There are 2 protein chains.
Amino acid sequence: MDRFVSTFTNKIDAKGRVSVPASFRAVLERDGFASGDVRGIYCYPSLDAPALDAGGERLAKKIDGLLSGLPDYSDERDELSVALYGDVQVLSIDGDGRIVLPEGLRTHAGVSGSVTFVGLGDKFQIWEPARFEERRKLARDKVHQHRRLFGAGRPPPSGESESG
Amino acid sequence: MDRFVSTFTNKIDAKGRVSVPASFRAVLERDGFASGDVRGIYCYPSLDAPALDAGGERLAKKIDGLLSGLPDYSDERDELSVALYGDVQVLSIDGDGRIVLPEGLRTHAGVSGSVTFVGLGDKFQIWEPARFEERRKLARDKVHQHRRLFGAGRPPPSGESESG
DNA sequence: TAAGGATCCATTGACGCCCATAAAATTCCA
DNA sequence: TGGAATTTTATGGGCGTCAATGGATCCTTA
């Protein structure tokens, strides 16, 4: 497995710790998220959602790439740099695969009792469970609108809508 | 055999396991659904039916392809990612060719005692048996009506029409 | 020394893996 | 071609391992 897939909801314990889903940890390890023996993930507030973005080296490189596409000293670059790098936290993963979400991040995502990890391929997000459900519904509607992309090139499958 | 065909109904046992039809497993193996020694299928709620869509690598690639066409960090991409990756579950297949359907998927499809596997070529669906029967009837009726319109196969019966 | 982290340990419940059995399909041979 | 032998499938159950979670101990630092 080499991408973050599926959603998992885990509890936050009394000390603020929460387990990163085992399958995500596996992806992170392949991704080389650990430099030396420091195991950590990059985590920052999502720009346009009440959630957190997180990932390993691949995510970091992507951000780098995004910024390097913009001219030095441009306002745009400065702003984006601040937005992207400014709030990044490196969260260490303990021996049992758990992280601690700092206050700032918890506030942004509005989480308390438990959190939902959402795989998005290159990265994953951390949501307050109920809030994520709403979001998921929205997303499904959107996909509906894009459905024709799925069937492109083929005659409309009698399968998908009224199969069998 | 390189596509999913036919329908099969299998039982869900006390532990929530259900056998994937042998012929489907054969297709999956050709499809290279297993990366390394991880054997698993991709499974997610069908967008417009109370059923589950499932498949192997070919299906996964299709999803990837869909997303890779969209610009990074666009709203559109994020939403699609959530709906596509977020809803996807990777179900591992045990040594006896069985999978376990997680709670969320079982709910969406409304299954409990047994399930019907429906081959759709590139992918297959998983249905609650009774529900699938209804669908199938509906589909047959529709096909009949089309036949009448097109006069396919036989010369149109000249007199009797019962459909009103 | 108190507070906060970090590491380690323990419990439990889920899941993966193995084997057993019965039914069905397929092969083999007369 | 018929029927017996063998192989494949579906299904049930036991058991060990691992992930998630809670708690204790040690370590650092203010």
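The chains referred to below are lettered A, B, ... by the order of the sequence lines, with proteins before strands, and numbering in each begins at 1. Worth saying up front: this structure is predicted, and the values here are computed from it rather than measured.
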**Fill in**
Phe117(B) atom CZ is separated from dT11(D) atom C1', nearest whole Å, by 13 Å
**Request:** Measure the distance from CD1 on Ile93(A) to P on dA6(C) and round it to the nearest whole Å.
**Result:** 13 Å
**Message:** Less than 4.5 Å apart, side chain to side chain, heavy atoms only: is that true for Val111(B) and Leu101(B)?
**Reply:** yes
**N/O (side chain, Ser92(B)) to phosphate O (OP1/OP2, dG16(C)) under 4.0 Å** = yes
**Request:** Identify which nucleotide among dA10(D), dG13(D), dG22(D) has an atom closest to any side-chain atom of Arg25(B), counting heavy atoms from C-beta outward.
**Result:** dA10(D)
**Request:** Report yes or no: do Ile12(A) and Phe24(A) belong to one cluster of Ile/Leu/Val/Met/Phe/Trp/Tyr joined by side chain heavy-atom distances under 4.5 Å?
**Result:** yes
**Message:** Just the rounded figure in Å: distance from C1' of dT21(D) to CZ of Phe8(A).
**Reply:** 17 Å
**Prompt:** To the nearest Å, how far apart are Ile99(A) CD1 and dG5(C) C1'?
**Reply:** 16 Å
**Nucleotide dA10(D), atom C1' - distance to CZ of Phe24(B) in whole Å** = 15 Å
**Message:** Heavy atoms within less than 4.0 Å of DNA chain C: which residues of residues 12-20 of chain B have one? Give them sorted by number.
**Reply:** Lys15(B), Arg17(B)
Detail all sub-3.5 Å separations between protein N/O atoms and N/O atoms belonging to nucleotides 27-30 of chain D.
none

**Message:** With a 6.0 Å cut-off on the ring centroids, do Phe117(A) and Phe4(A) count as close?
**Reply:** no
**Request:** Please tell me if the side chains of Arg30(B) and Val27(B) come closer than 4.5 Å, counting only heavy atoms from C-beta onward.
**Result:** no
**Message:** What is the distance, to the nearest angstrom, from the CG atom on Leu101(B) to the C1' atom on dA14(C)?
**Reply:** 16 Å
**Complete:** Assert: residue with more 5' nearest nucleotide on DNA chain C, out of Asp96(B) and Val100(B), is Val100(B)
**Asked** Can you list the steps and then say if Leu105(B) with Cys43(B) is a side chain to side chain contact (heavy atoms under 4.5 Å, CB included)?
**Response** CA-CA 8 Å; Leu105(B) 294 180; Cys43(B) 186; 3.8 Å; yes
**Item:** Atom pair distance, as rounded to whole Å: CZ in Arg98(A) and C1' in dT7(C)
**Value:** 10 Å
**Request:** Could you state the atom-to-atom distance from CG of Asp94(B) to P of dA14(C) in whole Å?
**Result:** 18 Å
**Asked** With side chains defined as the heavy atoms from C-beta onward, is the minimum distance between Leu28(B) and Ile41(B) less than 4.5 Å?
**Response** yes
**Asked** Same hydrophobic cluster for Tyr44(A) and Val100(A), using side-chain heavy-atom links shorter than 4.5 Å among ILVMFWY?
**Response** no
**Message:** Applying a strict under-4.5 Å side-chain criterion to I, L, V, M, F, W and Y, I'd like to know whether Leu47(A) and Val88(A) cluster together.
**Reply:** yes
**Request:** Could you check Asp96(A) against Arg17(A) for salt bridge (Lys or Arg N to Asp or Glu O under 4.0 Å), going step by step and ending with a plain yes or no?
**Result:** CA-CA 10 Å; Asp96(A) 298 331; Arg17(A) 299 174 299 186; 5.8 Å; no
